[in-house]
Amino acid sequence: MEEKNQEETGELTLVLALATLIAAFGSSFQYGYNVAAVNSPSEFMQQFYNDTYYDRNEENIESFTLTLLWSLTVSMFPFGGFIGSLMVGTLVNKLGRKGALLFNNIFSILPAILMGCSQIAQSFELIIISRLLVGICAGISSNVVPMYLGELAPKNLRGALGVVPQLFITVGILVAQLFGLRSLLANEDGWPVLLGLTGVPAGLQLLLLPFFPESPRYLLIQKKDEAAAERALQTLRGWKDVHLEMEEIRKEDEAEKAAGFISVWKLFTMQSLRWQLISMIVLMAGQQLSGVNAIYYYADQIYLSAGVKSDDVQYVTAGTGAVNVFMTILTIFVVELWGRRFLLLVGFSTCLIACLVLTAALALQNTISWMPYISIVCVIVYVIGHALGPSPIPALLITEIFLQSSRPAAYMIGGSVHWLSNFTVGLIFPFIQMGLGPYSFIIFATICLLTTIYIFMVVPETKGRTFIEINQIFTMKNKVSDVYPKKEEELGALPHAILEQ
């Protein structure tokens, strides 16, 4: 009986902790780092673009051409992320979760070398191509890392470990902001080093991750290797008797056999997965369209209008990044206590209120002397709200609400929505800002409100439940009693309280 309780409440073993840290540091950290790495040295990089163009053509680059080249440099990253998301399904099915992460390091180490050498090579084209490649790396890792960790973790730790990738994204942003201080690497000589450092975590992951287990679910369900799956579970859990968890994976396997491989197209057409699909699209779009990138885009102007000296804005921005890291760490500790649904509701509601108050504060900042300080508070409150729910929870939920056969296709769709939304906001927000000024945040407030209502009406709580139990909750919502043949027994075996939700 003691073994059973031990297995049902899995512990954070050293192997599981190290696998989580190596996967998240080697992949998610880079995503965050590359989001922020080009912000601080942008003026030096644009000067390099101009100097390179002058050396080739003996004339200065036109203002429009320079703006276009810089927009390409920035937007290649989310475009690459979209391409990477489309590759996820094939990679995780052919190479496994761990194998996909190891393969993905190609898209980090190669561009790190190219960006590091771009100044010596006198080629800004290398930077633009490299931004596309690191974007592909981020697109793959932002989908594969939550999938890998979600499948390694016992159900009672799945939420906490599922938030770790988002923590490392925020740490990556903060490290890029700190290295991007003018006194360190955001200067004429240091920016190639700043960009090239993204290859360091990839190199470490390439060296260390092979020593850790592949996803037991992948080994059993896709590779049909029971012995390898059992060994992986024993290594991860730290004890020999893993029969209960093996049985749960077998049940999932049996439930999936009738469904077969689920492609992206099939996922869109299946009634039995309708509400899972809609929920994933709403959450991934809501995460990006709720204005998080716009808040960061606007933050510098808000700080300047509040009287922060232009040389000091970089430190205030790094301080905001530190708040983001702290709140994400807090989320790791409360996600299993408060639950995913509650954190999403609190997070989006907080962002909604922050956007509304920020709109008023920006509109009145020239009329009332203390309004700019309210704007700063709104930025910090928004960052806190987003770090609690909208940033970390959606990717975690994809692992939880889809079973093994549909999970790769789900991550491809979710990742594509994430990156296309990210790309869209980056592309159109400057125009929205020109047209609506401070009232542009009303749009983001509306999206936060609609997403909050949807979560309240549709999204169930998933903490502490097996993948099969979560699937059965959605079975009731989809009004399909036989999602897969031979599931009637599992449905009947579930506690009545679960089926009621």
- Message: Quick one: does any side-chain atom of Lys98 pair with a main-chain N or O of Pro210 as donor and acceptor, under 3.5 Å?
- Response: yes
- Item | Side chain proximity check, Tyr148 to Glu214, heavy atoms < 4.5 angstrom | yes
- Task: Evaluate side-chain hydrogen bond (donor to acceptor under 3.5 Å, both in side chains) for Glu125 paired with Ser123, printing each intermediate quantity in order.
- Result: CA-CA 5 Å; Glu125 292 88 351; Ser123 172; 3.0 Å; yes
- Item | Arg158: salt bridge (Lys or Arg N to Asp or Glu O under 4.0 Å) partners, not counting sequence neighbours | Glu400
- Task: Could you tell me the separation between the CG atom of Leu69 and the CD1 atom of Ile128, rounded to the nearest 0.5 Å?
- Result: 5.0 Å
- Message: For a side-chain contact (heavy atoms from CB on, under 4.5 Å) check, start with the C-alpha distance between Phe474 and Ser279, then their side-chain angles and the critical distance, and finish with the verdict.
- Response: CA-CA 11 Å; Phe474 276 100; Ser279 298; 4.2 Å; yes
- Between Val38 and Met45, the two heavy atoms sitting closest are CG1-CE, 4.2 Å
- Message: Apply ring pair (Phe, Tyr, Trp, His ring centres under 6.0 Å) to residues Trp419 and Phe77 and explain how you reach the verdict.
- Response: CA-CA 9 Å; Trp419 288 102; Phe77 183 73; 5.7 Å; yes
- Shortest non-hydrogen pair, Asn471 vs Ile401, comes out as ND2-O, 4.4 Å
- Among residues two or more places apart or on two chains, list those pairs meeting salt bridge (Lys or Arg N to Asp or Glu O under 4.0 Å) that have a residue in residues 435-454. none
Table please: side-chain donor-acceptor pairs of residues 280-288 below 3.5 Å, with sequence neighbours left out.
from	atom 1	to	atom 2	distance (Å)
Gln287	OE1	His418	ND1	2.8
Gln287	NE2	Pro390	O	3.0
Gln287	NE2	Ser391	O	2.9
Gln288	OE1	Asn293	ND2	3.2

- Which pairs pass salt bridge (Lys or Arg N to Asp or Glu O under 4.0 Å) with one or both residues in residues 304-321, sequence neighbours excluded? none
- Atom pair CG (Leu277) and CG (Leu273), whose distance is rounded to the nearest 0.5 Å: 8.0 Å
- Item | Partners meeting ring-ring contact (aromatic ring centres under 6.0 Å, His included) with Phe25 (sequence neighbours left out) | Phe29
- Task: Keeping the roles fixed (side chain from Lys463, backbone from Leu337), state whether a donor-acceptor pair exists under 3.5 Å.
- Result: yes
- Query: What do the steps show when you test Glu336 against Leu157 for side-chain contact (heavy atoms from CB on, under 4.5 Å), and what is the final call?
  - Reply: CA-CA 7 Å; Glu336 293 297 350; Leu157 293 176; 5.6 Å; no
- Task: List in chain and number order the residues that pass ring-ring contact (aromatic ring centres under 6.0 Å, His included) with Trp191, two or more places apart in sequence or in another chain; answer none if no residue qualifies.
- Result: Phe48
- Message: Ignoring hydrogens, what is the shortest heavy-atom contact between Leu101 and Ala23? Give both atom names and the distance.
- Response: CD1-CB, 4.1 Å
- Message: Using 0.5 Å steps for rounding, measure from the OG1 atom of Thr462 to the CD1 atom of Ile470.
- Response: 5.0 Å
- Rounded distance [0.5 Å steps], CG in Leu207 versus CG in Asn105: 9.5 Å
- Using the ring of each side chain (for Trp, its six-membered ring), is His386 parallel, tilted or perpendicular to Tyr382, with breaks at 30° and 60°? parallel
- Intermediate values then yes/no, side-chain hydrogen bond (donor to acceptor under 3.5 Å, both in side chains), Tyr303 and Ser375: CA-CA 8 Å; Tyr303 298 146; Ser375 300; over 6 Å; no
- Item | Heavy atoms from other residues, nucleotides or ligands near CH2 of Trp70 exceed 12 (cutoff 6.0 Å) | yes
- Message: Whether the side chain of Asn104 engages the backbone of Ala100 through a donor-acceptor N/O pair (distance < 3.5 Å, no angle test) should be reported.
- Response: no
- Query: Under the side-chain contact (heavy atoms from CB on, under 4.5 Å) test, which residues partner Leu449, sequence neighbours left out?
  - Reply: Leu352, Ile453
- Query: Applying salt bridge (Lys or Arg N to Asp or Glu O under 4.0 Å), which residue pairs with at least one partner in residues 379-399 are found, sequence neighbours left out?
  - Reply: none
- Are Ile127 and Tyr49 close enough that some pair of their side-chain heavy atoms sits under 4.5 Å apart? yes
- No-hydrogen, no-angle side-chain donor-acceptor test under 3.5 Å, Tyr411 and Thr399: yes
- Message: Checking the side chain of Glu461 only, and the main-chain atoms of Arg341 only, is there a donor and an acceptor separated by less than 3.5 Å?
- Response: yes
- Task: Can you see which heavy atom on Ser290 is nearest to which on Cys355, and at what distance?
- Result: O-SG, 4.4 Å
- Message: My understanding is that only residues two or more places apart in sequence, or in another chain, count here; which of them pass salt bridge (Lys or Arg N to Asp or Glu O under 4.0 Å) with Glu188?
- Response: none
- Do the side chain of Ser440 and the main chain of Leu436 share a donor and acceptor less than 3.5 angstrom apart? no
- Note on the structure: In this structure, CG of Leu110 is separated from CD1 of Ile136 (nearest 0.5 Å) by 10.5 Å
- Taking the side chain as every heavy atom from C-beta outward, state whether Leu397 and Val459 have any pair of such atoms under 4.5 Å apart. yes
- Query: If we only count heavy atoms from C-beta on, is the Tyr454 to Thr451 side-chain gap below 4.5 Å?
  - Reply: no
- Message: Is there a side-chain contact (heavy atoms from CB on, under 4.5 Å) between Leu66 and Gln46? Walk through the geometry before answering.
- Response: CA-CA 7 Å; Leu66 181 59; Gln46 288 179 61; 4.1 Å; yes
- Item | Approximate separation, where rounding is to 0.5 Å, of Leu152 CG and Thr235 OG1 | 11.0 Å
- Note on the structure: Closest non-hydrogen contact found for Asn39 with Ser42 is O-OG, 3.2 Å
- Do the non-hydrogen side-chain atoms of Arg131 and Phe79 ever get within less than 4.5 Å of each other? no
- Task: Report yes if the side chains of Ile455 and Phe348 come closer than 4.5 Å at any heavy-atom pair, otherwise no.
- Result: yes
- By side-chain hydrogen bond (donor to acceptor under 3.5 Å, both in side chains), Ser27 pairs with (sequence neighbours left out) Gln205
- Query: Any salt bridge (Lys or Arg N to Asp or Glu O under 4.0 Å) pairs touching residues 134-151, not counting sequence neighbours?
  - Reply: Arg97-Glu151, Glu151-Arg407
- Message: Less than 4.5 Å apart, side chain to side chain, heavy atoms only: is that true for Pro146 and Leu396?
- Response: no
- Message: Go through it in stages, so that I can follow the logic: the residues are Arg340 and Val335, the test is side-chain contact (heavy atoms from CB on, under 4.5 Å), and I'd like the CA-CA distance, side-chain angles, deciding distance and then a yes or no.
- Response: CA-CA 6 Å; Arg340 289 67 152 149; Val335 67; 4.1 Å; yes
- So do Gln365 and Tyr373 actually touch side chain to side chain, heavy atoms under 4.5 Å? no
- Query: Is a side-chain donor or acceptor of Ser406 paired with a backbone partner of Leu403 at a separation under 3.5 angstrom?
  - Reply: yes
- Residues Ile447 and Leu289: closest non-hydrogen pair is CD1-O, 3.1 Å
Indicate every side-chain donor-acceptor pair of residues 159-186 with a distance under 3.5 Å to a residue at least two apart or in another chain.
from	atom 1	to	atom 2	distance (Å)
Thr170	OG1	Leu167	O	2.6
Arg182	NH2	Glu43	OE2	3.3

